[in-house]
Number of protein chains: 2
Amino acid sequence: MEIPVTNIPLFKGCALAEVEDLLSSVVFQRKKFTAGSLIVSQGEVCDRLLILTEGKVVGEMTSPTGKSLKIEEMEAPMVLASAFLFGKQNKFPVSVTALTHASFMVFQRNDLMKMFRLNPRVLSNFLSMISSRAQFLSEKLRFHSFKSLKAKVAFYLTGEAGTQKKFKLKHSQEEMAELFGVARPSVGRIFLQLQNENIIDIRYKNVTIKNFDKLAELCNH
Amino acid sequence: MEIPVTNIPLFKGCALAEVEDLLSSVVFQRKKFTAGSLIVSQGEVCDRLLILTEGKVVGEMTSPTGKSLKIEEMEAPMVLASAFLFGKQNKFPVSVTALTHASFMVFQRNDLMKMFRLNPRVLSNFLSMISSRAQFLSEKLRFHSFKSLKAKVAFYLTGEAGTQKKFKLKHSQEEMAELFGVARPSVGRIFLQLQNENIIDIRYKNVTIKNFDKLAELCNH
DNA sequence: CTCAAGATGTCACATTTGTTACAATCAATT
DNA sequence: AATTGATTGTAACAAATGTGACATCTTGAG
(Lines give C-alpha, C1' and ligand atoms only; values in the text may rest on other atoms or scores of the structure.)
Protein backbone atom coordinates (compact mmCIF):
# COMPACT_ATOMS: atom_id res chain seq x y z
CA MET A 1 0.00 0.00 0.00
CA GLU A 2 3.03 2.25 0.34
CA ILE A 3 2.85 4.90 -2.36
CA PRO A 4 5.75 5.23 -4.82
CA VAL A 5 8.18 8.02 -4.01
CA THR A 6 7.54 9.74 -7.30
CA ASN A 7 3.96 10.34 -6.14
CA ILE A 8 5.16 12.34 -3.16
CA PRO A 9 4.47 16.02 -3.87
CA LEU A 10 7.98 16.94 -2.73
CA PHE A 11 9.43 14.80 -5.54
CA LYS A 12 6.91 15.65 -8.22
CA GLY A 13 8.41 15.82 -11.69
CA CYS A 14 11.52 13.90 -10.67
CA ALA A 15 12.49 10.61 -12.28
CA LEU A 16 12.52 7.59 -10.01
CA ALA A 17 16.28 7.21 -10.37
CA GLU A 18 16.72 10.86 -9.51
CA VAL A 19 14.73 10.49 -6.29
CA GLU A 20 16.52 7.32 -5.30
CA ASP A 21 19.83 8.98 -5.91
CA LEU A 22 18.79 11.93 -3.83
CA LEU A 23 17.49 9.80 -0.98
CA SER A 24 20.71 7.84 -0.88
CA SER A 25 22.71 10.99 -0.29
CA VAL A 26 20.81 12.24 2.73
CA VAL A 27 19.85 10.70 6.02
CA PHE A 28 16.24 9.99 6.73
CA GLN A 29 14.12 7.54 8.68
CA ARG A 30 11.09 5.49 7.86
CA LYS A 31 8.66 5.16 10.72
CA LYS A 32 5.56 3.04 11.04
CA PHE A 33 2.67 3.51 13.41
CA THR A 34 -0.18 1.19 14.25
CA ALA A 35 -3.74 2.46 14.17
CA GLY A 36 -4.56 4.56 17.20
CA SER A 37 -1.01 5.41 18.17
CA LEU A 38 0.16 8.94 18.84
CA ILE A 39 2.47 10.34 16.17
CA VAL A 40 3.22 13.82 17.46
CA SER A 41 2.01 15.65 20.53
CA GLN A 42 0.73 19.18 20.51
CA GLY A 43 3.49 21.54 21.64
CA GLU A 44 6.29 19.22 20.59
CA VAL A 45 9.13 20.98 18.80
CA CYS A 46 8.84 20.66 15.04
CA ASP A 47 12.36 20.15 13.76
CA ARG A 48 11.72 17.55 11.12
CA LEU A 49 9.58 17.07 8.06
CA LEU A 50 7.04 14.25 8.15
CA ILE A 51 5.84 12.80 4.89
CA LEU A 52 2.88 10.51 5.18
CA THR A 53 3.42 7.76 2.63
CA GLU A 54 0.74 5.34 3.70
CA GLY A 55 -2.43 5.43 5.74
CA LYS A 56 -4.65 8.06 7.27
CA VAL A 57 -4.07 10.28 10.25
CA VAL A 58 -6.02 12.87 12.19
CA GLY A 59 -4.87 16.12 13.73
CA GLU A 60 -6.62 17.48 16.78
CA MET A 61 -6.11 20.30 19.22
CA THR A 62 -6.50 19.71 22.86
CA SER A 63 -7.53 22.36 25.33
CA PRO A 64 -5.71 22.78 28.64
CA THR A 65 -8.24 20.47 30.28
CA GLY A 66 -7.70 17.75 27.73
CA LYS A 67 -10.81 18.10 25.58
CA SER A 68 -10.24 17.73 21.87
CA LEU A 69 -11.30 20.73 19.88
CA LYS A 70 -10.79 20.54 16.19
CA ILE A 71 -10.18 17.79 13.73
CA GLU A 72 -8.56 17.56 10.34
CA GLU A 73 -8.01 14.30 8.54
CA MET A 74 -5.05 13.69 6.25
CA GLU A 75 -4.31 10.89 3.86
CA ALA A 76 -1.16 9.77 2.01
CA PRO A 77 0.56 11.29 0.16
CA MET A 78 0.77 14.32 2.38
CA VAL A 79 3.40 16.47 4.01
CA LEU A 80 2.69 17.34 7.62
CA ALA A 81 3.05 20.80 9.07
CA SER A 82 5.45 22.07 6.42
CA ALA A 83 4.84 25.60 7.61
CA PHE A 84 5.97 24.79 11.12
CA LEU A 85 9.39 23.54 10.22
CA PHE A 86 10.60 26.98 9.18
CA GLY A 87 8.14 29.42 10.70
CA LYS A 88 8.64 31.55 13.78
CA GLN A 89 6.57 29.29 15.98
CA ASN A 90 8.08 25.88 15.46
CA LYS A 91 5.95 23.78 17.71
CA PHE A 92 3.20 21.52 16.45
CA PRO A 93 -0.15 23.23 17.08
CA VAL A 94 -1.97 19.91 17.02
CA SER A 95 -1.54 16.33 18.11
CA VAL A 96 -1.49 13.80 15.31
CA THR A 97 -2.83 10.30 15.74
CA ALA A 98 -2.85 7.38 13.31
CA LEU A 99 -6.31 6.37 12.16
CA THR A 100 -5.04 3.38 10.23
CA HIS A 101 -1.67 1.76 9.98
CA ALA A 102 0.53 4.66 8.85
CA SER A 103 4.04 5.05 7.42
CA PHE A 104 6.22 8.12 7.33
CA MET A 105 9.46 9.34 5.90
CA VAL A 106 11.18 11.61 8.39
CA PHE A 107 13.76 14.22 7.40
CA GLN A 108 15.70 16.44 9.76
CA ARG A 109 15.74 20.06 8.74
CA ASN A 110 19.39 19.94 7.71
CA ASP A 111 18.85 16.98 5.46
CA LEU A 112 15.91 18.69 3.86
CA MET A 113 18.08 21.74 3.23
CA LYS A 114 20.71 19.47 1.74
CA MET A 115 18.14 18.05 -0.67
CA PHE A 116 17.20 21.58 -1.65
CA ARG A 117 20.82 22.23 -2.54
CA LEU A 118 21.26 18.99 -4.43
CA ASN A 119 18.06 19.25 -6.40
CA PRO A 120 16.49 22.60 -7.28
CA ARG A 121 13.27 20.91 -8.35
CA VAL A 122 12.74 19.60 -4.83
CA LEU A 123 13.23 23.10 -3.50
CA SER A 124 10.83 24.40 -6.07
CA ASN A 125 8.26 21.78 -5.13
CA PHE A 126 8.56 22.61 -1.46
CA LEU A 127 8.17 26.32 -2.13
CA SER A 128 5.19 25.57 -4.29
CA MET A 129 3.55 23.41 -1.64
CA ILE A 130 3.93 25.91 1.12
CA SER A 131 2.94 28.79 -1.13
CA SER A 132 -0.15 27.01 -2.30
CA ARG A 133 -1.12 26.41 1.28
CA ALA A 134 -0.73 30.09 2.06
CA GLN A 135 -2.83 30.92 -0.97
CA PHE A 136 -5.49 28.44 0.03
CA LEU A 137 -5.70 29.87 3.53
CA SER A 138 -5.68 33.37 2.19
CA GLU A 139 -8.53 32.65 -0.17
CA LYS A 140 -10.53 31.02 2.56
CA LEU A 141 -9.94 33.95 4.82
CA ARG A 142 -11.05 36.38 2.17
CA PHE A 143 -14.56 35.06 2.38
CA HIS A 144 -14.67 35.72 6.08
CA SER A 145 -13.73 39.32 5.45
CA PHE A 146 -17.01 40.12 3.75
CA LYS A 147 -19.59 41.56 6.02
CA SER A 148 -22.65 39.58 5.04
CA LEU A 149 -23.33 36.18 3.63
CA LYS A 150 -24.98 37.87 0.67
CA ALA A 151 -21.71 39.61 -0.10
CA LYS A 152 -19.81 36.35 0.11
CA VAL A 153 -22.20 34.61 -2.22
CA ALA A 154 -22.20 37.54 -4.62
CA PHE A 155 -18.41 37.54 -4.67
CA TYR A 156 -18.31 33.82 -5.16
CA LEU A 157 -20.76 33.99 -8.04
CA THR A 158 -18.93 36.78 -9.86
CA GLY A 159 -15.75 34.77 -9.50
CA GLU A 160 -17.30 31.57 -10.80
CA ALA A 161 -19.05 33.35 -13.64
CA GLY A 162 -15.92 35.00 -14.98
CA THR A 163 -17.08 36.65 -18.18
CA GLN A 164 -19.92 34.22 -18.81
CA LYS A 165 -23.57 34.84 -18.14
CA LYS A 166 -24.56 31.20 -17.88
CA PHE A 167 -22.57 28.59 -16.00
CA LYS A 168 -22.78 25.58 -13.74
CA LEU A 169 -21.88 25.63 -10.09
CA LYS A 170 -18.85 23.56 -9.19
CA HIS A 171 -19.81 23.06 -5.56
CA SER A 172 -22.89 21.87 -3.76
CA GLN A 173 -24.65 24.23 -1.39
CA GLU A 174 -23.27 22.11 1.39
CA GLU A 175 -19.72 22.77 0.22
CA MET A 176 -20.38 26.46 -0.28
CA ALA A 177 -21.84 26.65 3.20
CA GLU A 178 -18.64 25.17 4.54
CA LEU A 179 -16.51 27.54 2.50
CA PHE A 180 -18.47 30.55 3.76
CA GLY A 181 -18.67 29.22 7.29
CA VAL A 182 -22.48 29.19 7.53
CA ALA A 183 -25.32 26.70 7.64
CA ARG A 184 -26.56 25.13 4.46
CA PRO A 185 -30.10 26.59 4.35
CA SER A 186 -28.61 30.06 4.73
CA VAL A 187 -26.91 29.64 1.37
CA GLY A 188 -30.13 28.48 -0.19
CA ARG A 189 -31.94 31.43 1.32
CA ILE A 190 -29.51 33.86 -0.27
CA PHE A 191 -29.97 32.21 -3.66
CA LEU A 192 -33.69 32.56 -3.20
CA GLN A 193 -33.32 36.24 -2.40
CA LEU A 194 -31.08 36.88 -5.39
CA GLN A 195 -33.67 35.10 -7.50
CA ASN A 196 -36.49 37.25 -6.14
CA GLU A 197 -34.49 40.41 -6.65
CA ASN A 198 -34.11 39.38 -10.27
CA ILE A 199 -30.34 39.44 -10.06
CA ILE A 200 -29.74 35.82 -10.96
CA ASP A 201 -31.68 32.90 -12.25
CA ILE A 202 -30.78 29.68 -10.51
CA ARG A 203 -32.15 26.21 -10.94
CA TYR A 204 -30.08 23.65 -9.10
CA LYS A 205 -26.57 24.04 -10.38
CA ASN A 206 -27.49 26.09 -13.43
CA VAL A 207 -26.96 29.77 -12.91
CA THR A 208 -27.73 32.68 -15.20
CA ILE A 209 -26.65 36.09 -14.13
CA LYS A 210 -29.29 38.62 -15.05
CA ASN A 211 -27.78 41.71 -13.52
CA PHE A 212 -24.03 41.73 -13.28
CA ASP A 213 -23.85 45.24 -11.89
CA LYS A 214 -26.20 44.63 -9.00
CA LEU A 215 -24.31 41.46 -8.16
CA ALA A 216 -21.02 43.32 -8.06
CA GLU A 217 -22.67 46.02 -5.98
CA LEU A 218 -23.71 43.44 -3.39
CA CYS A 219 -20.08 42.47 -2.81
CA ASN A 220 -19.68 45.74 -0.97
CA HIS A 221 -22.38 45.19 1.58
CA MET B 1 14.57 57.25 3.59
CA GLU B 2 15.58 54.08 1.78
CA ILE B 3 16.07 51.35 4.36
CA PRO B 4 19.44 49.58 4.55
CA VAL B 5 19.53 46.21 2.81
CA THR B 6 20.42 44.42 6.02
CA ASN B 7 17.01 45.43 7.38
CA ILE B 8 15.25 43.56 4.61
CA PRO B 9 13.75 40.39 6.11
CA LEU B 10 15.11 38.35 3.24
CA PHE B 11 18.66 39.32 4.21
CA LYS B 12 18.23 39.16 7.96
CA GLY B 13 21.32 37.94 9.77
CA CYS B 14 23.58 38.59 6.83
CA ALA B 15 26.52 40.97 7.01
CA LEU B 16 26.35 44.03 4.80
CA ALA B 17 29.31 42.85 2.74
CA GLU B 18 27.68 39.49 2.32
CA VAL B 19 24.48 41.05 0.97
CA GLU B 20 26.34 43.37 -1.35
CA ASP B 21 28.36 40.48 -2.65
CA LEU B 22 25.21 38.49 -3.21
CA LEU B 23 23.41 41.34 -4.95
CA SER B 24 26.35 41.88 -7.27
CA SER B 25 26.13 38.30 -8.50
CA VAL B 26 22.51 38.34 -9.53
CA VAL B 27 20.44 40.58 -11.75
CA PHE B 28 17.79 42.75 -10.19
CA GLN B 29 16.11 46.07 -10.75
CA ARG B 30 15.33 49.01 -8.56
CA LYS B 31 12.03 50.68 -9.36
CA LYS B 32 10.56 53.85 -8.01
CA PHE B 33 6.92 54.89 -8.03
CA THR B 34 5.34 58.23 -7.27
CA ALA B 35 2.45 58.47 -4.86
CA GLY B 36 -0.79 57.30 -6.43
CA SER B 37 0.74 55.29 -9.25
CA LEU B 38 -0.23 51.72 -10.00
CA ILE B 39 2.45 49.17 -9.12
CA VAL B 40 0.81 45.91 -10.10
CA SER B 41 -2.60 45.14 -11.54
CA GLN B 42 -4.84 42.45 -10.26
CA GLY B 43 -4.55 39.37 -12.48
CA GLU B 44 -1.08 40.24 -13.69
CA VAL B 45 1.28 37.27 -13.76
CA CYS B 46 3.47 37.13 -10.66
CA ASP B 47 6.88 36.02 -11.88
CA ARG B 48 9.05 38.27 -9.78
CA LEU B 49 9.61 39.12 -6.15
CA LEU B 50 8.91 42.69 -5.09
CA ILE B 51 10.65 44.01 -2.02
CA LEU B 52 9.31 47.30 -0.76
CA THR B 53 12.32 49.23 0.52
CA GLU B 54 10.76 52.62 0.99
CA GLY B 55 7.29 54.06 1.34
CA LYS B 56 3.82 52.74 1.85
CA VAL B 57 1.53 50.92 -0.53
CA VAL B 58 -2.01 49.61 -0.50
CA GLY B 59 -3.41 46.42 -1.94
CA GLU B 60 -7.01 46.33 -3.10
CA MET B 61 -9.23 43.95 -4.96
CA THR B 62 -11.43 45.19 -7.68
CA SER B 63 -14.66 43.54 -8.64
CA PRO B 64 -15.54 43.01 -12.30
CA THR B 65 -17.36 46.35 -12.36
CA GLY B 66 -14.38 48.19 -10.96
CA LYS B 67 -15.37 48.74 -7.35
CA SER B 68 -12.60 48.28 -4.84
CA LEU B 69 -13.32 45.66 -2.25
CA LYS B 70 -10.69 45.06 0.32
CA ILE B 71 -7.70 46.95 1.52
CA GLU B 72 -4.43 46.03 3.13
CA GLU B 73 -1.72 48.54 3.76
CA MET B 74 1.95 47.64 3.67
CA GLU B 75 4.99 49.55 4.70
CA ALA B 76 8.73 49.11 4.06
CA PRO B 77 10.46 46.77 4.68
CA MET B 78 8.05 44.27 3.25
CA VAL B 79 8.05 41.52 0.67
CA LEU B 80 5.04 41.52 -1.60
CA ALA B 81 3.04 38.43 -2.47
CA SER B 82 5.80 35.97 -1.66
CA ALA B 83 3.25 33.17 -1.73
CA PHE B 84 2.23 33.96 -5.27
CA LEU B 85 5.64 33.62 -6.83
CA PHE B 86 5.74 29.87 -6.26
CA GLY B 87 2.15 28.82 -5.65
CA LYS B 88 -0.17 27.13 -8.08
CA GLN B 89 -2.03 30.30 -8.89
CA ASN B 90 0.66 32.74 -9.82
CA LYS B 91 -1.36 35.81 -10.58
CA PHE B 92 -1.60 38.77 -8.26
CA PRO B 93 -4.95 38.62 -6.46
CA VAL B 94 -4.89 42.34 -5.79
CA SER B 95 -3.85 45.57 -7.38
CA VAL B 96 -1.15 47.44 -5.57
CA THR B 97 -0.95 51.22 -5.57
CA ALA B 98 1.66 53.52 -4.06
CA LEU B 99 0.36 55.63 -1.20
CA THR B 100 3.57 57.58 -0.87
CA HIS B 101 6.68 57.70 -2.95
CA ALA B 102 7.75 54.04 -3.01
CA SER B 103 10.90 52.12 -3.97
CA PHE B 104 11.26 48.46 -4.81
CA MET B 105 13.88 45.88 -5.50
CA VAL B 106 12.65 43.49 -8.16
CA PHE B 107 14.01 39.96 -8.59
CA GLN B 108 13.05 37.53 -11.31
CA ARG B 109 12.27 34.08 -10.02
CA ASN B 110 15.46 32.61 -11.45
CA ASP B 111 17.62 35.19 -9.79
CA LEU B 112 15.89 34.56 -6.51
CA MET B 113 16.57 30.85 -6.89
CA LYS B 114 20.17 31.66 -7.64
CA MET B 115 20.44 33.63 -4.41
CA PHE B 116 18.98 30.65 -2.58
CA ARG B 117 21.77 28.52 -3.99
CA LEU B 118 24.49 31.02 -3.24
CA ASN B 119 23.39 31.77 0.28
CA PRO B 120 21.52 29.23 2.39
CA ARG B 121 20.63 31.87 4.94
CA VAL B 122 18.64 33.76 2.35
CA LEU B 123 16.78 30.59 1.50
CA SER B 124 16.18 29.97 5.15
CA ASN B 125 14.87 33.50 5.61
CA PHE B 126 12.53 33.14 2.69
CA LEU B 127 11.21 29.83 3.98
CA SER B 128 10.74 31.38 7.36
CA MET B 129 8.86 34.36 5.96
CA ILE B 130 6.49 32.32 3.91
CA SER B 131 6.00 29.77 6.68
CA SER B 132 5.25 32.46 9.20
CA ARG B 133 2.67 33.88 6.89
CA ALA B 134 1.00 30.48 6.54
CA GLN B 135 1.04 30.15 10.31
CA PHE B 136 -0.45 33.58 10.78
CA LEU B 137 -3.24 32.86 8.35
CA SER B 138 -3.84 29.48 9.89
CA GLU B 139 -4.14 30.94 13.36
CA LYS B 140 -6.52 33.59 12.16
CA LEU B 141 -8.62 31.02 10.41
CA ARG B 142 -8.80 28.89 13.51
CA PHE B 143 -10.92 31.49 15.21
CA HIS B 144 -13.40 31.42 12.40
CA SER B 145 -13.75 27.69 12.75
CA PHE B 146 -15.42 27.95 16.13
CA LYS B 147 -19.16 27.88 15.98
CA SER B 148 -20.08 30.72 18.26
CA LEU B 149 -18.48 33.92 19.40
CA LYS B 150 -18.60 32.58 22.93
CA ALA B 151 -16.43 29.65 21.88
CA LYS B 152 -13.95 31.99 20.21
CA VAL B 153 -13.69 34.17 23.27
CA ALA B 154 -13.39 31.15 25.54
CA PHE B 155 -10.62 29.74 23.39
CA TYR B 156 -8.86 33.09 23.29
CA LEU B 157 -9.05 33.44 27.05
CA THR B 158 -7.71 29.97 27.77
CA GLY B 159 -4.85 30.70 25.41
CA GLU B 160 -4.05 34.05 27.00
CA ALA B 161 -4.34 32.66 30.49
CA GLY B 162 -1.90 29.83 29.95
CA THR B 163 -1.52 28.30 33.37
CA GLN B 164 -2.31 31.48 35.27
CA LYS B 165 -5.58 32.33 36.94
CA LYS B 166 -5.09 36.09 36.88
CA PHE B 167 -3.76 38.02 33.92
CA LYS B 168 -4.09 41.18 31.88
CA LEU B 169 -5.57 41.29 28.41
CA LYS B 170 -3.12 42.21 25.68
CA HIS B 171 -5.72 43.51 23.28
CA SER B 172 -8.56 45.98 23.47
CA GLN B 173 -12.08 44.75 22.84
CA GLU B 174 -11.88 46.56 19.55
CA GLU B 175 -8.86 44.48 18.52
CA MET B 176 -10.43 41.27 19.72
CA ALA B 177 -13.56 42.09 17.79
CA GLU B 178 -11.46 42.45 14.67
CA LEU B 179 -9.63 39.20 15.36
CA PHE B 180 -12.88 37.32 15.82
CA GLY B 181 -14.57 39.09 12.95
CA VAL B 182 -17.46 40.54 14.94
CA ALA B 183 -18.67 43.90 16.21
CA ARG B 184 -17.15 45.39 19.30
CA PRO B 185 -20.20 45.33 21.61
CA SER B 186 -20.62 41.63 20.87
CA VAL B 187 -17.31 40.95 22.54
CA GLY B 188 -18.33 42.98 25.55
CA ARG B 189 -21.61 41.14 25.70
CA ILE B 190 -19.85 37.80 25.87
CA PHE B 191 -17.61 39.03 28.68
CA LEU B 192 -20.72 40.14 30.50
CA GLN B 193 -22.28 36.72 30.06
CA LEU B 194 -19.17 34.91 31.26
CA GLN B 195 -19.16 37.21 34.24
CA ASN B 196 -22.80 36.45 35.05
CA GLU B 197 -22.24 32.75 34.64
CA ASN B 198 -19.49 33.06 37.24
CA ILE B 199 -16.89 31.66 34.86
CA ILE B 200 -14.59 34.64 34.84
CA ASP B 201 -14.16 37.87 36.66
CA ILE B 202 -13.33 40.74 34.38
CA ARG B 203 -12.81 44.37 35.13
CA TYR B 204 -11.43 46.25 32.17
CA LYS B 205 -8.26 44.44 31.20
CA ASN B 206 -7.91 42.47 34.41
CA VAL B 207 -9.19 38.95 34.10
CA THR B 208 -9.49 36.24 36.72
CA ILE B 209 -10.60 32.84 35.63
CA LYS B 210 -12.93 31.36 38.20
CA ASN B 211 -13.88 28.16 36.44
CA PHE B 212 -11.29 26.79 34.05
CA ASP B 213 -13.28 23.66 33.25
CA LYS B 214 -16.42 25.48 32.21
CA LEU B 215 -14.34 27.83 30.07
CA ALA B 216 -12.71 24.91 28.30
CA GLU B 217 -16.12 23.33 27.88
CA LEU B 218 -17.40 26.42 26.11
CA CYS B 219 -14.74 26.07 23.41
CA ASN B 220 -16.75 23.15 22.08
CA HIS B 221 -19.97 24.98 21.57
C1' DC C 1 -35.74 2.94 -17.47
C1' DT C 2 -36.12 2.80 -12.58
C1' DC C 3 -35.02 3.71 -8.14
C1' DA C 4 -32.55 5.16 -4.25
C1' DA C 5 -29.45 8.39 -2.39
C1' DG C 6 -28.25 12.72 -2.26
C1' DA C 7 -29.04 17.70 -3.21
C1' DT C 8 -32.06 21.49 -3.24
C1' DG C 9 -36.14 24.66 -2.22
C1' DT C 10 -38.40 26.43 1.37
C1' DC C 11 -40.70 27.29 5.82
C1' DA C 12 -41.41 28.80 10.84
C1' DC C 13 -39.16 29.73 14.73
C1' DA C 14 -35.13 30.22 17.95
C1' DT C 15 -30.65 32.46 18.59
C1' DT C 16 -27.07 35.14 17.76
C1' DT C 17 -25.03 39.14 16.26
C1' DG C 18 -25.09 43.98 14.45
C1' DT C 19 -26.23 48.86 15.27
C1' DT C 20 -26.56 52.84 17.67
C1' DA C 21 -26.23 55.22 21.57
C1' DC C 22 -24.70 56.95 25.83
C1' DA C 23 -22.79 56.81 30.41
C1' DA C 24 -18.95 55.19 33.18
C1' DT C 25 -14.25 54.36 33.74
C1' DC C 26 -9.44 54.36 32.67
C1' DA C 27 -4.85 56.27 31.31
C1' DA C 28 -1.83 59.64 30.03
C1' DT C 29 -0.51 64.34 30.01
C1' DT C 30 -0.43 68.61 31.95
C1' DA D 1 -5.10 66.87 40.69
C1' DA D 2 -7.58 67.89 36.65
C1' DT D 3 -8.62 67.39 31.88
C1' DT D 4 -9.10 64.90 27.77
C1' DG D 5 -9.36 61.13 24.61
C1' DA D 6 -9.76 56.35 24.39
C1' DT D 7 -11.78 52.28 26.16
C1' DT D 8 -15.35 49.80 28.31
C1' DG D 9 -20.11 48.59 30.18
C1' DT D 10 -24.55 48.17 28.86
C1' DA D 11 -29.11 48.77 26.83
C1' DA D 12 -32.95 48.42 23.18
C1' DC D 13 -33.99 47.28 18.88
C1' DA D 14 -33.06 45.62 14.08
C1' DA D 15 -31.19 42.29 11.16
C1' DA D 16 -28.94 38.12 9.98
C1' DT D 17 -28.16 33.46 10.66
C1' DG D 18 -28.96 28.83 12.77
C1' DT D 19 -32.10 24.86 13.38
C1' DG D 20 -35.03 21.38 12.17
C1' DA D 21 -38.20 19.73 9.14
C1' DC D 22 -40.15 18.29 5.02
C1' DA D 23 -41.37 17.99 0.12
C1' DT D 24 -39.31 18.03 -4.29
C1' DC D 25 -36.06 17.42 -7.63
C1' DT D 26 -31.65 15.59 -9.79
C1' DT D 27 -28.28 12.22 -10.70
C1' DG D 28 -25.96 8.19 -11.17
C1' DA D 29 -25.88 3.11 -10.45
C1' DG D 30 -27.87 -0.79 -11.87
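Just the heavy atoms: all of them, side chains too, but no hydrogens, waters or symmetry mates, feed the values below. Naming: A, B, ... by sequence-line order, numbering from 1 per chain.
With DNA chain D read from its 5' end, the first of the two nearest nucleotides for L149(A) and E174(B) is the one closest to E174(B).
With sequence neighbours left out, K150(A) forms a side-chain contact (heavy atoms from CB on, under 4.5 Å) with S148(A), I190(A), Q193(A), L194(A), E197(A), L218(A). Residues satisfying the ring pair (Phe, Tyr, Trp, His ring centres under 6.0 Å) test with H101(A), not counting sequence neighbours, are none. The ring pair (Phe, Tyr, Trp, His ring centres under 6.0 Å) check on F104(A) picks up F33(A), with sequence neighbours excluded. With sequence neighbours left out, A183(B) forms a side-chain contact (heavy atoms from CB on, under 4.5 Å) with P185(B), S186(B). Listed by chain and number, the residues in a side-chain contact (heavy atoms from CB on, under 4.5 Å) with L179(A) are K140(A), F143(A), Y156(A) (sequence neighbours excluded).
Distance K150(A) NZ to dA16(D) C1': 11 Å, rounded to the nearest Å. Residue K170(B) contributes atom NZ, which lies 18 Å from atom P of dT7(D) at whole-angstrom precision.
Taking the C1' atoms of five terminal pairs at each end of the helix from dC1(C)-dG30(D) to dT30(C)-dA1(D), the two resulting helix axes are inclined by 60°, rounded to 10°.
One finds no side-chain N or O of Q173(B) lying less than 4.0 angstrom from the OP1 or OP2 phosphate oxygen of dA6(D).
Put simply, chain B comes within 4.0 Å of DNA chain C, heavy atom to any atom, from dT17(C) to dC26(C), going 5' to 3'.
Side chain of Q42(B) to main chain of F92(B): no donor-acceptor pair is present (N/O by atom type, distance under 3.5 Å, no hydrogens or angles). Without hydrogens or angle criteria, S41(A) side chain to E44(A) main chain gives no donor-acceptor distance under 3.5 Å.
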Could you pull out all donor-acceptor pairs under 3.5 Å where a side-chain atom in residues 203-211 of chain A meets a protein atom, sequence neighbours excluded?
{"from": "K205(A)", "atom 1": "NZ", "to": "H171(A)", "atom 2": "O", "distance (Å)": "3.4"}
{"from": "N206(A)", "atom 1": "ND2", "to": "R203(A)", "atom 2": "O", "distance (Å)": "3.4"}
{"from": "K210(A)", "atom 1": "NZ", "to": "N198(A)", "atom 2": "OD1", "distance (Å)": "3.0"}
{"from": "N211(A)", "atom 1": "OD1", "to": "D213(A)", "atom 2": "N", "distance (Å)": "3.3"}
{"from": "N211(A)", "atom 1": "OD1", "to": "K214(A)", "atom 2": "N", "distance (Å)": "3.0"}

Determine all donor-acceptor pairs shorter than 3.5 Å in which one atom belongs to a side chain in residues 74-90 of chain B; sequence neighbours excluded.
none

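A pairwise comparison of heavy atoms in R142(A) and P93(B) identifies NH2-CB, 3.8 Å as the closest pair.
Heavy-atom distances under 4.0 Å link DNA chain D to A183(A), R184(A), P185(A), S186(A), R189(A) of residues 183-196 of chain A, given in residue order. DNA chain C is contacted by R203(B), Y204(B) of residues 202-210 of chain B, taking any non-hydrogen atom closer than 4.0 Å.
With a 6.0 Å radius and a threshold of 12 heavy atoms from other residues, nucleotides or ligands, E178(B) has its CD atom at or below the threshold.
Listed by first then second residue, pairs satisfying salt bridge (Lys or Arg N to Asp or Glu O under 4.0 Å) with a partner in residues 159-172 of chain A read E160(A)-K170(A), not counting sequence neighbours.
The aromatic rings of F107(A) and F11(A) sit perpendicular, their planes meeting at an angle over 60°, well past the 30° parallel limit.
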